**Student:** 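The structure is given below, and queries will be raised subsequently.
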Amino acid sequence: MPHELRNIVVKELREIVRDPRLLIGMIIVPVLMMPLMGVGIRSAMEATEQQLSKMETGLLNQDEVGSHDYSDTLYRLMVQNNLVVRNSTAPDTNSAVSWALQNNLGTLVVLPPLFSENISSGKSVNVSVYQMLSHFGFDEIAGSGRMDSVFTLFNNRVLHDRLGNDYNSSNPYLPPVPANVQSQSVVKGEVLNVSPSNLINTVFTTGLLIPIAISIVIILAAQLAATSVAMEKEQKTLEVLLTLPIKRINILLGKLSGVIVVSALATIAMLLSFGYYMSSFTFAGGAQVDLAAVGLTPDMTGYALLAASLFLSIISALALAVLLAAYTKDVRSAQSLLGVLFLPIFIPAFLLMYAPIEILPAGLQAVLYAIPFSYPSIASKALYTKDYAVVALGVVYQLIFTAVVLIIAARFFASEKIMTAKLRWGRKRKAETEME
Amino acid sequence: MITQSIRFVERVSKMSTCAVAINDLVKAYSTGLKAIDGVTLTVNEGEIFGLIGPNGAGKTTTLRILGTLLKPTSGTVSILGHDVVEGQMAVRGLISYLPEDAGAYENLSGREYLAFMAGFYEGDAKKTVDIGVRIADLKERIDSRIKEYSKGMKRRLLIARALMTAPKLAILDEPTAGLDVMHALYVRERVKGLIKERGTTAVLSSHNLLEVEFMCDRVALIDHGRIHETGTPSELKEKYGAKNLEEVFMEVVKHAA
């Protein structure tokens with residue numbers, strides 16, 4: 001390496017390594033983020049698997065057994081595939097659905113009368129499978145998929161029995177499938193005549209944009225606020241502003257309000273562009289479901305809670321960003337130090353995309369409930385599940401958190417720390433005040 | 001009895017003309033460093049008072065305490081009878097503070113910046129802005145964006161901002177630092193002229209001792225957070241047998257070390 005180039009590289013590295021704000025944002029945060037995301041996603045996946053293993057399947061068998069007991073064949077296949085099967089004694093399908101709901105079963109299979117006889121005579125029999133959906137999570141998609149596999153195995157077995165060595169599952173001229181699965185979704189006790197996998201896919205893909213868009217908007221707002229304060233410090237305009245006959249709290253609120261207006265515009269622009277993006281392609285995994293037609297459109301309560309949760313997240317992120325920026329002297333350091341905020345904003349959004357909070361391990365749940373930025377993601381899920389109680393409590397928690405952060409920021413602004421706070425690197429790795 | 005009465009009248013009369021009273025001021029930081037170590041001084045109304053000293057002597061810290069940006073660790077500081085800690089809002093209504101190397105909002109025009117600042121004071125804002133425009137004297141460039149200004153133009157705008165509201169006390173940290181001769185001369189003469197014309201009191205710091213000699217009625221020499229000399233430039237020159245303040249400064253710093 002030429003001497004001049006080496007000289008410059010060494011200087012650049014020294015500058016970066018000796019600036020704790022740059023190191024925190026550019027190295028420590030990314031180093032922490034990926035392992036934390038990995039741990040979180042692994043926990044989410046394990047929780048999904050655990051949920052699946054606990055999931056029980058109900059069986060309403062209305063078959064009359066003849067020479068072949070195909071209902072028993074199906075039952076055995078279900079058990080072989082690790083499904084915990086409970087037999088229903090309900091007199092009809094509606095009662096069986098109610099029984100399944102009361103007993104928290106994940107799936108209900110209804111075998112119609114003459115199931116075995118019709119299959120023996122080579123007919124295709126419709127079998128209703130009801131999937132109970134509560135949170136539209138991956139565990140529910142997997143539950144529905146597992147039942148599909150059981151029926152594929154069943155149909156292969158029946159055709160193999162019937163055709164013997166001539167059976168080849170890839171033969172396009174096979175007779176109609178023996179058991180034709182009619183999947184239906186049960187949401188909030190109501191039977192919807194739509195496939196659960198299609199419904200979950202639709203809710204997932206429609207709702208997917210919301211946590212991502214929310215995280216981006218919160219980060220953008222925080223960056224704006226941090227830049228605004230850091231720029232004022234860098235150009236010493238803040239120093240002048242703080243000596244004017246104006247209450248310090250008004251300087252803080254004025255700054256936050258300006259950023260909120262810009263953030264609101266950014267939110268609208270972001271949602272519009274994401275909406276266009278999402279509608280510009282179809283998703284793999286089946287046709288999209290018209291959510292309005294099945295009564296799953298979000299209502300005003302859901303939107304109001306999501307808006308409140310997002311608003312409070314933005315305000316608290318702004319106040320935290322202002323506090324972080326107060327520990328820097330220029331825009332570059334402020335932007336870098338802001339990386340600290342990325343962890344609590346992005347990690348909950350990503351985790352809650354994979355698994356609903358209620359199926360996660362208790363420790364992880366506690367962490368997510370403690371992070372105020374989790375609630376917009378929880379609220380966006382609640383648009384479809386209509387589980388508003390947790391979101392409402394979350395909004396109250398966010399309100400308290402935001403008030404506390406605002407009070408701290410206001411006190412910080414009112415004190416001389418706004419002028420003197422800086423991060424120290426070395427033996428005292430903590431923020432403290434010092435003469436400039 | 002008569003002597004005591006005369007002393008009382010002298011003290012009351014001194015108090016009434018005292019714009020800034022600093023008494024045994026100490027400012028220490030968490031690192032243990034004492035930026036100011038027992039400063040006591042007074043600045044009379046209508047006076048231009050200069051703080052001179054080497055880098056890190058405590059000049060900016062003193063000015064920031066006067067500007068209510070920092071709080072004293074101990075001692076008292078009052079401006080026109082208002083304590084800078086207890087009565088900071090009242091103090092902020094009386095002062096105008098100009099930091100060294102201060103900037104302005106780059107995306108505003110000079111006129112918009114003055115209007116923004118005038119909005120925080122009572123009285124006719126438009127009239128205040130007109131005064132500011134006259135002080136800055138940037139001609140038609142007053143309506144250009146500040147980011148297009150040279151350093152000298154920016155400083156003229158900031159001086160105009162600091163003086164347009166007719167503050168009772170102007171606190172100016174290095175008012176001409178980094179300016180070319182033309183702009184420095186303009187700022188120096190404009191500041192002195194306006195302050196004397198309006199009877200404003202000013203406390204300023206500067207490394208340019210010729211400037212201090214030209215502008216200030218009295219000066220204090222500060223080093224390591226302590227005042228080593230106070231007096232009019234001519235008193236100090238006479239005391240040290242020096243031709244100018246630079247020689248006085250060197251003598252004082254030498255003895256202080």
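In what follows, chains carry the letters A, B, and so on, assigned in the order in which the sequence lines appear, proteins first and then strands, with residues in each chain numbered from 1. Keep in mind that this is a model prediction, so the values were computed, not measured.
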**Student:** For the candidates M89(B), E106(B), Q88(B), K27(B), which exhibits the highest count of non-hydrogen atom pairs separated by less than 4.5 Å from chain A?
**Tutor:** M89(B)
**Student:** In terms of heavy-atom proximity below 4.5 Å to chain B, should E232(A) be classed as side chain, backbone, both, or neither?
**Tutor:** side chain
**Student:** For the pair K236(A) and E100(B), find out whether any cationic side-chain nitrogen is under 4.0 Å from an anionic carboxylate oxygen.
**Tutor:** no
**Student:** Between T60(B), L69(B), T68(B), which residue shows the highest count of heavy-atom pairs closer than 4.5 Å to chain A?
**Tutor:**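 Greatest number of close heavy-atom pairs with chain A: L69(B).
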**Student:** What part of Y121(B) is in contact with chain A, defined as an atom under 4.5 angstrom from a non-hydrogen atom: side chain, backbone, both or neither?
**Tutor:** side chain
**Student:** Which pair of non-hydrogen atoms, one from T227(A) and one from Q223(A), has the smallest distance, and what is that distance?
**Tutor:** OG1-O, 2.6 Å
**Student:** Most heavy-atom pairs under 4.5 angstrom with chain A, which of P99(B), G93(B), A102(B), A90(B)?
**Tutor:**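 Sorted descending by pairs with chain A, the first entry is P99(B).
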**Student:** What part of L241(A) is in contact with chain B, defined as an atom under 4.5 angstrom from a non-hydrogen atom: side chain, backbone, both or neither?
**Tutor:**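 When you check distances to chain B, only side chain atoms of L241(A) fall under 4.5 Å.
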**Student:** Is a donor from one side chain sitting under 3.5 angstrom from an acceptor on the other, for D83(B) and S78(B)?
**Tutor:** no
**Student:** I'd like to know if the side chain of Q398(A) pairs up with that of S316(A) as donor and acceptor (distance under 3.5 Å, no hydrogens or angles considered).
**Tutor:** no
**Student:** Charged N to carboxylate O below 4.0 Å: is that the case for E211(B) and R188(B)?
**Tutor:**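 Yes, charged N to carboxylate O under 4.0 Å.
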